[in-house]
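Counting starts at 1 for both ligands and their atoms, following the listed order.
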Amino acid sequence: MEKEIIVPEGKEERSLNFIEQIVEKDLAEGVNDGRIQTRFPPEPNGYLHIGHVKAICMDFGIAEKYNGVCNLRFDDTNPAKEDTEYVETIERDIAWLGFKWGQIYYASDYFQQLYDLAIRFIKAGKAYVDEQTAEQIAEQKGTPTEPGVASPYRDRPIEENLRLFETMQRGEIEEGKMVLRAKIDMANPNMHFRDPIMYRIITSHPHHRTGRTWNVYPMYDFAHGQSDYFEGVTHSICTLEFEVHRPLYDYFLDQITGENFCGMSPYGPDYRPKQREFNRLNVTYTVMSKRKMLQLVKEGLVAGWDDPRMPTVCGLRRRGYTPQAIRTFMDKIGYTKVEGMIDQGLLEHVIREDLKETAPRVCAIFDPVKLVITNYEGAGETIIAENIDGHEELGTREMKFGKELWIERGDFLEEVDNKFYRLSPGGREVRLKASYIIQATGCEKDANGNITTVYATYDPNSKSGTEGGNRKTKATINGVECNSALEAEVRLYDRLFAVENPSAEEGDFRDLLNPDSLKVVAAKVEGSLRSELHAPIVKDGIEQENHYQLLKQGYFVVDPDTTADKLVLNRTCSLKDNYLK
Ligand code: ATP
Ligand code: MG
């Protein structure tokens, strides 16, 4: 698959996408009385991923922009794979993204109407019960250039079809032994017209909403368009793989709308839903197939659906992505009719740009060594530091300075080196972030020669924010005062897969996982993060994530594993942006 190059630009107005153009034309022509109604139709058989969000932004976006409504419809026609757990997480994820649906519908709300419709099809001689196996039916389908072979059951009398279909529904026929097929055209160049299956038997699993009421379940093609019609959907927007299904979508609607109108929709005989398709989202270094994601979860290759490396909405949330950044990403990639692959670097670029403006900056030391200020005799002091340098309006926080601080091991070098601008005994002066200028005097080592303590003196007249604070140094280093420091478990996440397009490679996709996608470090962080150990902040019933820039380390978010005595931070992304390189 071709990789698309998307150049991130400023926030200038974008031009209308092709679906918006269609909607504006429909509005101008008064189609469907100028009503705009969309739906987002997830199957509750897994968690939402970033690909779904592309569809969500389209469906809800069109409704928001053109004063319409977008409903949520659970496409729950396969009880073998679906569950209430998924319904709940899908609702929660959409709410977190900030979208508001009108109604919540379920395809299962229409099981009776769809069944009645199927009976009408049978009575009109437009459907028949086939007793062949799935394999036999597939073999008879033909190819796009060769016509298919008619089933021996194709011309069965209407009465017999009716009786058999009712027997199927009563649960008297074994799964897989019979299906109801539309009688259309076994030679049609569009394979979807070669007597598509309308209904199949599922008796092995109860339905998560209708229990054991039904033993026959409608197939996607027979359920989707009709559900749209029952609800009054005007623009039924989906992904490109459904383009070849569109004639069938229209065919089924032709049978029940217009002249054959049978009162199954709240709108008049001129009302008609239309299907439109856009390109799917594919992102590098990840997989989005529900089957593969489920496998990663079940086999413990990730910590769950919300593992911060997963492309799921709950995973992105836990990784520290914001709804705004995800929506900006969708705006940048846009909607077309051409399938492509989006660089994960764009996603990282967008969240970095978002957090740059908002995330408070704090000190954290990942590889700590103790620094002792030999000429400081106080009991410690408070330093007021701006959350984001130069942005007083974004607030300040209290940092500490004292006799002992944690610094990065790499910020000290025992031998003076002219190219090393940080601490060396007798070397340069260095500023401690937001506080004083210090100068190293020496160090202490353990029996193995590892440095255990660094010694330095400080200049009491050099405090940042005072007159002496203007004195420049070649380098600034981070320090975290020991008495107030907080221990944090920091999870350094990287891309889940080691290759760009794991789905395109031969062999087992699990062999392509990035072995370094998670590293855990025990860090010392500023005591100002202590407030994170309290209960999370809830706004509009939704728990809010707290984001930070750990200076020199990257952007981080507070993980829900955080407890009253343990802070856990996840790396969202590094500071460096390679996207445009
Ligand atoms: P399944 O393989 O189980 O059908 P699905 O990914 O199609 O999975 P659905 O729950 O049926 O999942 O999808 C709901 C909606 O999200 C559909 O309209 C579908 O077109 C859209 N969608 C799914 N994946 C993507 C994607 N990668 N990019 C854009 N839209 C997507
Ligand atoms: Mg689907």
Side-chain angles (χ1 to χ4, degrees), residues 1 4 17-19 38-63 70-83 85-91 93-94 97 99 101 104-108 208 217-221 223-225 227-228 231 233 235-246 249 273-295 305 310-313 315-316 326-327 329-342 344 346-347 501-503:
M1 204 176 286
E4 288 180 49
N17 65 48
F18 76 98
I19 304 264
T38 59
R39 85 287 168 264
F40 174 63
E43 182 175 357
N45 65 349
Y47 282 60
L48 294 182
H49 54 62
I50 181 104
H52 291 117
V53 183
K54 180 170 179 179
I56 290 172
C57 287
M58 169 58 84
D59 295 327
F60 284 88
I62 290 286
C70 177
N71 297 314
L72 191 52
R73 182 198 314 137
F74 290 101
D75 195 3
D76 55 349
T77 53
N78 182 0
K81 287 193 183 156
E82 297 154 5
D83 208 324
E85 173 203 348
Y86 298 125
V87 170
E88 285 159 11
T89 60
I90 289 170
E91 288 177 23
D93 287 349
I94 297 174
L97 285 167
F99 291 106
W101 52 81
I104 296 184
Y105 296 121
Y106 293 84
S108 55
H208 70 107
Y217 290 91
M219 299 297 288
Y220 174 87
D221 285 314
H224 205 87
S227 303
D228 285 344
E231 289 165 11
V233 168
H235 296 79
S236 182
I237 309 165
C238 58
T239 35
L240 273 179
E241 71 273 23
F242 292 103
E243 197 169 19
V244 286
H245 293 246
R246 196 207 295 181
Y249 176 101
K274 283 221 174 85
Q275 179 183 306
R276 302 289 178 203
E277 312 84 12
F278 64 82
N279 61 333
R280 288 179 82 82
L281 171 63
N282 301 293
V283 179
T284 56
Y285 299 101
T286 192
V287 294
M288 284 196 267
S289 129
K290 281 178 190 163
R291 184 179 58 78
K292 288 181 181 160
M293 290 196 297
L294 186 66
Q295 206 173 346
W305 287 100
M310 290 283 272
T312 50
V313 173
L316 289 163
I326 297 173
R327 289 167 76 159
F329 171 77
M330 296 304 164
D331 254 358
K332 288 194 188 298
I333 61 172
Y335 297 84
T336 71
K337 280 270 188 191
V338 189
E339 293 291 7
M341 177 74 97
I342 302 295
Q344 193 166 132
L346 179 61
L347 202 48
N501 187 358
S503 307

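Not a single heavy atom of Lys81 lies less than 4.0 angstrom from ligand 1.
Cation-pi geometry between Lys337 and Phe18 is not met: the NZ or CZ atom fails to fall both under 6.0 Å from the ring centre and inside 45° of the normal. Taking the centre and axis of the six-membered ring of Phe60, the NZ or CZ atom of Arg39 falls outside the cone set by 45° and 6.0 Å.
A donor atom on one side chain and an acceptor atom on the other are not found under 3.5 Å apart for Asp83 and His208. Defined by atom type and a distance below 3.5 Å, a donor-acceptor pair is missing between the side-chain atoms of Tyr335 and Glu277.
In this structure, of Glu82, Glu277, His52, the residue bringing a heavy atom nearest to atom 13 (O) of ligand 1 is His52.
Heavy-atom contacts of Thr239 reach the following atoms of ligand 1: 19 (C), 20 (O), 29 (C), 30 (N), 31 (C) (cutoff under 4.0 Å). Taking every non-hydrogen atom of Asn45 and a distance limit under 4.0 Å, the qualifying atoms of ligand 1 come out as 3 (O). Listed by number with element, the atoms of ligand 1 under 4.0 Å from a non-hydrogen atom of Phe40 are 15 (C), 16 (O). Less than 4.0 angstrom separates some heavy atom of Ala55 from each of these atoms of ligand 1: 16 (O), 21 (C), 30 (N).
Polar contact with ligand 1: present for Gly51 (N/O pair, distance under 3.5 Å). Residue Lys54 has no N or O atom closer than 3.5 Å to an N or O atom of ligand 1. Ligand 1 has no nitrogen or oxygen under 3.5 angstrom from a nitrogen or oxygen of Cys238.
The aromatic ring centres of Tyr220 and Phe242 sit less than 6.0 Å apart.
When every heavy atom of Glu339 is checked against every heavy atom of Asn282, the shortest pair comes out as OE1-ND2, 4.1 Å.
Under 4.0 angstrom from ligand 1, the non-hydrogen atoms of Arg280 come from both its backbone and its side chain.
Residues Asn17 and Phe278 are not in side-chain contact: their nearest non-hydrogen atoms beyond the backbone lie 4.5 Å or more apart.
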